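A note on names: the letters A, B, ... follow the listed sequences, proteins ahead of strands, and every chain is numbered from 1. Bear in mind the structure is a predicted one, so any value in this text is a computation, not a measurement.
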Amino acid sequence: MAKTIMIVDDEPDNVTTVRAVLSKAGYKVLDAKNGDDCLRKLPKQNVDLVLMDIMMPGTPVREVVEKIKGTKIAYLSVVRLSEAEREELLKSKNIVDFIQKPFDIDDLAARVKKAVGD
Amino acid sequence: MDINAALLKGKVLLLVVPSASYGELEVQVARELSGKNVCYVTLNKTHQAMREIFEKEGVDTHGFVFVDAISKTIRRVPDQTDGCYFASSPSALTEISILVSKCMRHGFRYLVFDSLTSLLVYQDRAPVARFISNIATQARASDSDALFYTLDIESQTSLIKECSMMVDAVVKV
């Protein structure tokens, strides 16, 4: 059965691009327009990985991520962190990756595959 | 880019930067401000990431104090550390303005605002324009030179037009 990925991003163009990449790779793709929308939709779906942007209107991402239990999360963002901050962030319980935008399509697909354990 | 030459055009500048050369410009300007007293407002990178990038490029950041509006959006950080004030998010315009004002009271020679583009993710053009006007006024009152970055993209055209009335010069990089 296809794994399910939820893209959380307020930029429709980004969602379209990521959706196209992941759909082609065989995933079922859902989307949410910000963190609050993600928190509303997530309990109703069986999601294997959330791809979370950082710079979005609404509840700050840190608070959204703290409320997500039992679902893996990978950040997908233009926000730049230092190496040390990135390593620290990846120690958090369900944070599995930090993918920098702009991303390489093949790299994105490979990292999602690794994150969901395909 | 020769920032001192650009600053001959006025004390408050809007630098309109192509996306492709934005990172390069950040470093170039930081190199020119190396070792000087700079209040650096960062809205799309954490201050640690900025220091890491600048120091790799040989910029002396000891005189830089950051206002970081990103770190708090992803992890728990205090309100202030040595060399950095943290705002809760790039959408917290009043908070950022207060932190900039706090910094400027310490007599910073330069204010760098990086970048206006990030503000439009969270806010409409009108509050962003009012905010920029407020920051530009603070910079003038402190007799500081202020550099506002914005990306040269279509969605920013109206903001650039509006901001051109609040700054001394618009510099297309």
Side-chain angles (χ1 to χ4, degrees), chain A residues 7-17 32-39 50-68 73-104, chain B residues 19-24 26-27 30 40 42-57 61 66 68-78 81 83-84 86-93 95 114-125 127-128 149 151 153-155:
Chain A
I7 308 162
V8 187
D9 198 314
D10 62 315
E11 286 289 336
D13 290 350
N14 293 343
V15 174
T16 304
T17 306
K33 60 180 183 244
N34 55 41
D36 300 297
D37 194 27
C38 167
L39 290 175
V50 174
L51 281 178
M52 180 80 76
D53 186 22
I54 292 175
M55 294 176 69
M56 293 182 288
T59 304
V61 162
R62 176 175 59 78
E63 291 173 33
V64 173
V65 166
E66 282 171 358
K67 287 177 186 165
I68 297 175
I73 301 165
Y75 286 111
L76 177 61
S77 179
V78 294
V79 165
R80 284 285 292 268
L81 309 183
S82 67
E83 281 303 317
E85 286 173 314
R86 193 184 283 240
E87 281 170 23
E88 193 57 41
L89 202 67
L90 292 175
K91 285 181 191 162
S92 312
K93 203 171 48 162
N94 48 346
I95 309 294
V96 294
D97 203 353
F98 189 105
I99 304 166
Q100 191 76 54
K101 284 183 193 165
F103 55 81
D104 173 82
Chain B
S19 306
S21 52
Y22 166 59
E24 199 182 317
E26 276 181 320
V27 171
Y40 200 109
T42 173
L43 301 177
N44 53 40
K45 299 178 188 69
T46 65
H47 82 288
Q48 285 186 27
M50 297 264 36
R51 282 196 198 275
E52 191 175 85
I53 293 165
F54 291 161
E55 284 167 11
K56 259 185 205 160
E57 298 291 335
T61 62
F66 287 88
D68 173 347
I70 286 296
S71 288
K72 270 193 179 181
T73 65
I74 49 170
R75 63 191 182 95
R76 293 186 184 278
V77 289
T81 58
C84 187
F86 295 96
S88 52
S89 132
S91 67
L93 299 185
E95 204 182 319
D114 181 8
S115 72
L116 299 183
T117 305
S118 304
L119 293 177
L120 286 180
V121 171
Y122 302 89
Q123 301 276 356
D124 292 333
R125 191 164 47 86
V128 169
Y149 297 162
L151 291 184
I153 49 180
E154 206 181 322
S155 59

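Chain A forms more heavy-atom pairs under 4.5 Å with one residue of B/His47, B/Lys72, B/Gln123, B/Arg75 than with any other, namely B/Arg75.
Using a 4.5 Å cut-off between heavy atoms, A/Val61 touches chain B through backbone and side chain atoms alike. For B/Ile53, the part sitting under 4.5 Å from any heavy atom of chain A is the side chain, from C-beta outward, and nothing else. Looking at B/Thr73, both its backbone and its side chain come within 4.5 Å of chain A, counting heavy atoms on both sides.
At most 12 heavy atoms of other shown residues, nucleotides or ligands fall within 6.0 angstrom of atom NZ in A/Lys33. Counted within 6.0 Å of CD on B/Glu24, heavy atoms from surrounding residues, nucleotides or ligands total 12 or fewer; the atom is thus considered open.
At least one side-chain heavy atom of A/Leu81 sits less than 4.5 Å from a side-chain heavy atom of B/Ile74. Here the side chains of B/Ile70 and A/Met55 are in contact, with some heavy-atom distance below 4.5 Å.
The OG atom of B/Ser88 sits 9.0 Å away from atom CD of A/Glu63, with the distance rounded to the nearest 0.5 Å. Atom-to-atom distance recorded for A/Arg86:CZ and B/Thr46:OG1 is 10.5 Å, nearest 0.5 angstrom. For the atom pair CZ (A/Arg62) and OG (B/Ser71), the distance works out to 11.0 Å, reported to the nearest 0.5 Å.
For B/Ala49 against A/Ser82, the heavy-atom pair with the smallest separation is CB-N, 3.5 Å.
Ion pair B/Arg76/A/Glu66 flagged as a salt bridge, since at least one NZ, NE, NH1 or NH2 atom sits closer than 4.0 Å to an Asp/Glu carboxylate oxygen.
In terms of modelled atom types and a separation under 3.5 Å, the side chain of A/Arg80 and the main chain of B/Met50 share no donor-acceptor contact.
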